[in-house]
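Remarks on the structure that follows.
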Amino acid sequence: MKDYHINIFYSEKDGGYIADIPDLKGCSAFGISPEEAAKEIQLAKEAWIAAAREANIPIPRPRYKPLIYQNQ
C-alpha cells in the first residue's frame, strides 16, 4: 500500500512547522522543526486511523498527489 502524502510548511503565525495529510480530513500536527512535525504527523495519522476504525468510519485510500507529481 502506498503511504499518504504529507505537506509540511512553516507557519509564521504559529511560530513553527505544520504537517498535514490531505487525504485524512483534519489530520495535522505541529513541530518546532520540520523533522519534529514529520514525527508528530505520524502519531496523528495513527490516532486518526484508530479513531476512524473505532467509529466505523471508512478510511480513505491514499489518493492525494501534488500537482508537480501528477504527470508521473
Side-chain angles (χ1 to χ4, degrees):
M1 176 176 137
K2 292 181 359 185
D3 204 353
Y4 294 97
H5 175 79
I6 297 170
N7 294 315
I8 299 177
F9 58 92
Y10 184 76
S11 169
E12 287 228 13
K13 177 182 173 187
D14 297 309
Y17 291 84
I18 306 294
D20 75 331
I21 299 175
D23 287 320
L24 304 179
K25 186 176 180 180
C27 186
S28 65
F30 175 83
I32 297 299
S33 67
E35 296 81 12
E36 184 179 352
K39 181 180 174 184
E40 293 297 323
I41 196 64
Q42 292 301 325
L43 298 173
K45 177 180 78 170
E46 291 171 16
W48 194 102
I49 290 171
R53 283 187 178 134
E54 189 172 312
N56 290 323
I57 295 172
I59 299 167
R61 298 178 73 96
R63 295 183 52 193
Y64 179 82
K65 198 171 186 182
L67 186 59
I68 63 170
Y69 298 116
Q70 288 184 8
N71 292 328
Q72 296 179 2

How close do D23 and P60 get, counting heavy atoms only, and between which atoms? O-CG, 3.1 Å

In Å, rounded to the nearest 0.5 Å, how long is the span from CD1 of I18 to CG of N7? 11.5 Å

Ignoring hydrogens, what is the shortest heavy-atom contact between A38 and I8? Give both atom names and the distance. CB-CD1, 3.8 Å

Verify side chain to side chain contact (heavy atoms under 4.5 Å, CB included) between D3 and K45, making sure each step is shown before the conclusion. CA-CA 11 Å; D3 204 353; K45 177 180 78 170; 2.9 Å; yes

State, to 0.1 Å, how close A19 and A37 come at their nearest heavy-atom pair, and which atoms those are. CB-O, 3.7 Å

Find the distance between OH (Y17) and CD1 (I41) and round it off to the nearest 0.5 Å. 16.0 Å

Between H5 and Y64, how do the two ring planes meet: parallel, tilted or perpendicular, split at 30° and 60°? tilted

Where G15 and I32 come nearest, the two heavy atoms and their spacing: O-CD1, 4.4 Å

Rounded to the nearest 0.5 Å, what's the gap from NZ on K25 to CG on D20? Could you check? 13.5 Å

Rounded distance [0.5 Å steps], SG in C27 versus CD in E46: 10.0 Å

Not counting sequence neighbours, which residues clear ring-ring contact (aromatic ring centres under 6.0 Å, His included) with F30? List them please. none

Test of understanding: clusters of I, L, V, M, F, W, Y form through side-chain heavy atoms closer than 4.5 Å, transitively. Do I21 and L43 belong to the same one? no

Say you draw a straight line from CG of D14 to CZ of F9; how long is it, rounded to the nearest 0.5 Å? 8.0 Å

